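Just follow the structure's listing: the first ligand is 1, and inside any ligand the first atom is 1. Since the model is a prediction, treat every value here as computed from it, not as a measurement. All values below come from the heavy atoms of this structure, side chains included, with hydrogens, waters and symmetry mates left out.
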Amino acid sequence: MKEITGFSKFNKQQKIDWLTQTFFNDSEKAQKILKQYWNEDQKLQKLHDEFTENTLSNFYLPFGIAPNFLINGNFHTLPMTIEESSVIAAASNAAKFWSKRGGFSAKVKNTTKIGHVHFFFYGNPEALATFFEETKPAIIETLKPITENMEKRGGGLLSLALIDKTNALENYYQIEAKFETLDAMGANFINTCLEEIAAKLYQEAKNSFGYTDEQPLLKISMSILSNYVPECIAYAEVNYPADQLLDDKESSLKFAQDFVKAVQIAKVEPYRAVTHNKGIMNGIDAVVLATGNDFRAVEAGVHAYASRNGSYSSLTQARIENNQFIFSIEIPLALGTVGGLTSLHPLVKLALEMLGNPTAKQLMQIVAVAGLAQNFAAVKSLITTGIQEGHMKMHLMNILNQFEATESEKNTIVKLFESRPVSHSSVVEALENLRNEQKVL
Ligand code: MEV
């Protein structure tokens with residue numbers, strides 16, 4: 001294969017032709033697969049084409065729902081976009097379990113977002129500190145046209161500080177800017193402000209220190225928000241008498257104690273913590289994705305937060321205190337319910353509407369609860385039946401679909417596996433036997 005030039009100028013069909021003719025023996029079949037996911041509604045297809053670049057097709061993920069989430073006294077049905085079997089069933093089970101035990105309580109602890117102008121300064125650090133204090137009001141003033149609207153609604157720039165990072169890297173400093181972005185995730189707003197701050201900082205430093213562009217004393221490296229948002233935290237909790245969690249007192253207490261121990265393992269053991277938190281992210285990502293938010297940003301921030309004390313650890317906590325079983329999550333979440341995909345993608349709009357068009361703060365609470373519920377379901381299975389029992393039952397359907405089982409074949413095989421363990425080979429064998437029997441008849 002040789003390098004392709006001018007690719008971005010190709011129209012959609014030309015791009016498809018190039019791809020299918022370059023990489024596939026059966027280019028017609030490849031074209032058919034790409035096109036079978038096109039939407040008949042051309043306007044809708046165009047909308048999706050324009051979300052990103054070089055779009056050739058749509059990649060479907062299931063959009064499911066998990067009902068019965070009682071959060072702060074109100075019932076919610078959560079939209080979940082995820083391909084993994086069992087996740088939505090587990091969320092729904094956990095929601096039902098806790099709806100009968102007081103539900104989830106959730107709150108937002110804070111909503112501050114952070115960004116930095118990273119720069120190098122080759123002069124006297126004290127002179128830089130004085131210069132910054134003197135220049136700060138002028139920097140804030142230049143931001144006014146950008147921050148005005150956000151300020152009217154109660155948000156905007158919260159603080160601006162010079163941070164000396166020269167202990168970590170020679171001549172390295174930051175302007176750290178903190179923001180309140182209300183219902184917007186705020187990436188564009190923050191990055192626009194930061195680039196403006198950088199330009200003003202450079203210009204003012206040039207005037208003040210009298211350097212030339214050829215030999216600057218201050219060099220801007222980059223201006224960008226941080227996806228690490230440890231001051232934008234949602235908290236969710238369930239709380240119930242430990243001896244009343246299950247049907248009888250003895251098994252309840254045992255369950256609560258085993259649960260606490262399992263979470264303690266994830267507190268101290270990174271190998272377990274990563275999988276434990278992956279289960280939490282099953283719930284979080286699914287709701288974040290369905291509501292049109294940036295799940296990569298959330299993932300990056302969450303895992304950094306899980307390592308904030310120096311080693312990677314559980315995002316949830318569990319304890320028994322005066323016979324109360326208390327299980328909670330604290331998680332950084334920079335989410336938006338306006339801007340971005342939220343007003344563009346029809347399914348995202350629908351997802352937000354079914355949640356009652358929440359504010360960003362309300363969505364943060366809902367997402368934290370999704371993570372807590374998912375973790376509850378996973379740990380509950382792990383310390384009782386094991387994870388495979390439920391998982392493989394759900395997986396059964398995937399295997400049957402893979403082998404294009406008919407509805408009647410599915411019914412027979414699902415019935416058969418109600419009383420035996422599911423494995424890929426045993427399902428395939430059972431399907432083959434069934435098909436052979438049908439041939440004989
Ligand atoms: C699977 O997607 C998630 C689990 O592994 C999470 C966990 O182990 O806690 C079941």
Q. Cation over ring, Lys107 on Tyr235, under 6.0 Å and within 45°?
A. yes

Q) Considering only heavy atoms of Asn282, which atoms of ligand 1 have at least one such atom less than 4.0 Å away? A) 1 (C), 2 (O), 3 (C)

Q: Indicate, as side chain, backbone, both or neither, the part of Val87 found under 4.0 angstrom from ligand 1 when only non-hydrogen atoms are considered.
A: neither

(Q) Under the criterion salt bridge (Lys or Arg N to Asp or Glu O under 4.0 Å), I'd like the reasoning laid out for Arg435 against Glu432: C-alpha separation, chi angles, the key distance, then a yes or no. (A) CA-CA 5 Å; Arg435 285 177 176 171; Glu432 274 170 3; over 6 Å; no

Q. Heavy atoms, side chains only, cut-off 4.5 Å: are Phe51 and His345 in contact?
A. yes

Q. Considering Met281, Arg272, Gln374, which one's heavy-atom position lies nearest to atom 7 (C) of ligand 1?
A. Arg272

Q.
Closer than 4.0 Å to some heavy atom of Thr275 - which atoms of ligand 1 meet that?
A. 5 (O), 6 (C), 7 (C), 8 (O), 9 (O)

**Q.** Atoms in ligand 1 flagged as close to Lys278, the criterion being non-hydrogen separation under 4.0 Å
**A.** 1 (C), 2 (O)

Q: Under 4.0 Å, heavy atoms only, figure out whether ligand 1 is touched by the backbone of Lys380, its side chain, both or neither.
A: neither

Q: Do me a favour and list the nearest non-hydrogen protein atom to atom 1 (C) of ligand 1 with residue, atom name and distance?
A: Glu84 OE2, 3.5 Å

**Q.** Value rounded to 0.5 Å, distance of CD1 in Ile224 from NE2 in His116
**A.** 11.5 Å

Q) Does Trp18 have its ring centroid less than 6.0 Å away from the ring centroid of Phe7? A) yes

Q.
Can you confirm if the aromatic rings of Phe259 and Phe376 lie within a centre distance of less than 6.0 Å?
A. yes

Q) Numbering the atoms of ligand 1 from 1, which are under 4.0 Å from a heavy atom of Leu382? A) 7 (C), 8 (O), 9 (O)

